[in-house]
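Data first, discussion second: the structure below is written as structure tokens.
Below, each value reflects all heavy atoms present in this structure, side chains not excepted, and no hydrogens, waters or symmetry copies.
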Amino acid sequence: MKKFEFSLQRILDYDTFLQDRETETLNIMKSEYNKVELAMKQMRKKLADSIEEYQQLCAKGVQAKKAALAMLIIEAQKRLIKEYEHELADRQKKIEKQVEKLVSITQDKLTVEKLRDSSYASYSEEMRKSEEMLIEEYVAGEAARSEGT
């Protein structure tokens, strides 16, 4: 009995390779997104602390110079948070594109896998019929020999 060989196995292997590579890329992108998101959360905490500190300085009646410096720090932190928000939006778009790419590759791979399964089912049916014919020929040959003696 001959071994089953799927003619599109190389394509299936390549699709698996692509799927693994793109999944890894997606995981890296998500990790980088999470790092930026964490940095933004930390900056928001610093901003809240800076605002609280500014309010305390104003309540104490400190010099205008110190209050202005504290306000500059707050404004810089707000700008940095806006930059983080823009970066997160860009990264989110890239992640969505990567997900679409991965879905497309996965669909291609599933199509080839279905073809492989269908081919294997046909192969199994052919082998079963071949074995049945071989058995029938053997039985017929044995019956002819026993009649001949």
Side-chain angles (χ1 to χ4, degrees), residues 1-58 65-146:
M1 183 164 104
K2 69 177 184 173
K3 182 179 171 184
F4 174 72
E5 290 183 30
F6 181 53
S7 61
L8 301 176
Q9 186 61 43
R10 284 186 177 170
I11 292 173
L12 183 58
D13 293 342
Y14 183 69
D15 284 346
T16 300
F17 166 77
L18 284 179
Q19 184 182 33
D20 292 345
R21 187 181 72 186
E22 298 304 326
T23 299
E24 184 177 332
T25 301
L26 178 62
N27 289 336
I28 290 169
M29 292 170 84
K30 285 180 177 180
S31 174
E32 291 171 354
Y33 178 91
N34 290 337
K35 287 177 186 176
V36 173
E37 187 176 43
L38 179 61
M40 185 178 73
K41 286 178 183 178
Q42 291 171 342
M43 185 52 64
R44 283 189 173 154
K45 171 102 173 68
K46 286 182 183 179
L47 175 63
D49 293 344
S50 295
I51 290 172
E52 185 178 330
E53 183 181 330
Y54 173 75
Q55 290 171 344
Q56 289 173 357
L57 288 173
C58 290
K65 211 181 224 186
K66 281 188 177 182
L69 180 62
M71 187 53 83
L72 285 174
I73 291 171
I74 289 172
E75 292 304 317
Q77 290 171 334
K78 285 180 179 179
R79 279 192 305 276
L80 192 55
I81 288 171
K82 286 286 183 198
E83 289 175 17
Y84 282 140
E85 288 172 347
H86 289 297
E87 185 176 349
L88 285 175
D90 290 343
R91 288 182 183 271
Q92 184 63 37
K93 288 177 186 175
K94 289 178 182 176
I95 287 172
E96 289 169 4
K97 286 181 182 177
Q98 184 66 21
V99 167
E100 288 174 9
K101 189 175 183 181
L102 185 58
V103 165
S104 175
I105 290 169
T106 302
Q107 288 173 340
D108 290 347
K109 181 182 172 192
L110 288 174
T111 300
V112 176
E113 285 176 340
K114 286 180 184 177
L115 285 171
R116 180 194 60 197
D117 294 345
S118 175
S119 294
Y120 184 73
S122 296
Y123 165 80
S124 296
E125 182 64 21
E126 285 179 33
M127 288 297 106
R128 186 187 62 75
K129 287 180 180 178
S130 174
E131 288 171 357
E132 284 178 5
M133 287 180 58
L134 188 63
I135 292 170
E136 287 176 11
E137 288 174 5
Y138 178 75
V139 169
E142 287 296 314
R145 273 188 249 162
S146 64

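A 4.5 Å side-chain heavy-atom check between Q42 and K45 finds every atom pair outside the cut-off. Considering only heavy atoms from C-beta on, L80 comes within 4.5 Å of E83 through its side chain.
Here the closest non-hydrogen pair linking F6 and V112 is CZ-O, 3.7 Å. Across L102 and E22, no two heavy atoms sit closer than the pair CD1-CB, 3.9 Å. For the residue pair I74 and Y54, the shortest heavy atom distance occurs at CD1-CB, 3.7 Å. Nearest heavy atom pair, residue M43 against residue Y84, reads CB-CE1, 4.1 Å.
Applying the side chain to side chain donor-acceptor pair (under 3.5 Å) definition to pairs two or more places apart or across chains, those involving residues 32-41 are E32-R91.
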Quiz item: Would E53 and D49 satisfy side chain to side chain contact (heavy atoms under 4.5 Å, CB included), going step by step from the backbone distance to the final call?
Solution: CA-CA 6 Å; E53 183 181 330; D49 293 344; over 6 Å; no
Exercise. Apply side chain to side chain contact (heavy atoms under 4.5 Å, CB included) to the pair K129 and M133, showing each step before the final yes or no.
Key: CA-CA 6 Å; K129 287 180 180 178; M133 287 180 58; 5.6 Å; no
Quiz item: Can Q9 and L12 be said to form a side chain to side chain contact (heavy atoms under 4.5 Å, CB included), step by step?
Solution: CA-CA 5 Å; Q9 186 61 43; L12 183 58; 4.0 Å; yes
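The line from OG of S122 to CG of D117 is 11.0 Å long, rounded to the nearest 0.5 Å. Atom CG of D13 and atom CG of L8 lie 11.0 Å apart (nearest 0.5 Å). Residue N27 holds its CG atom at 10.0 Å from CD1 of I95, rounded to the nearest 0.5 Å. Expressed to the nearest 0.5 Å, how far OG of S118 lies from CZ of R116 amounts to 11.5 Å. Going from atom CE of M71 over to atom CG of L69 covers 11.5 Å, rounded to the nearest 0.5 Å. Residue I51 holds its CD1 atom at 8.0 Å from CD of Q77, rounded to the nearest 0.5 Å.
Side chains of D15 and Q19: no donor on one and acceptor on the other come within 3.5 Å.
Below 30°, between 30° and 60°, or above 60°: for Y123 and F4 the angle between ring planes is between 30° and 60°, a tilted geometry.
With salt bridges taken as basic N to acidic carboxylate O contacts below 4.0 Å, one links E85 and K82. Ion pairing between K93 and E96 fails under the 4.0 Å rule for side-chain N and carboxylate O. A salt bridge links E132 with R128; the closest basic N to acidic carboxylate O contact falls under 4.0 Å. Taking 4.0 Å as the cut-off between side-chain N and carboxylate O, D90 and K94 do not count as a salt-bridged pair.
Atom CD of E125 has more than 12 neighbouring heavy atoms from other residues, nucleotides or ligands inside a 6.0 Å radius. Under a cut-off of 6.0 angstrom, the local environment of NZ in K109 is crowded, with over 12 non-hydrogen atoms contributed by other residues, nucleotides or ligands.
Looking only at distances, a side-chain donor or acceptor of S50 sits under 3.5 Å from a matching main-chain atom of K46.
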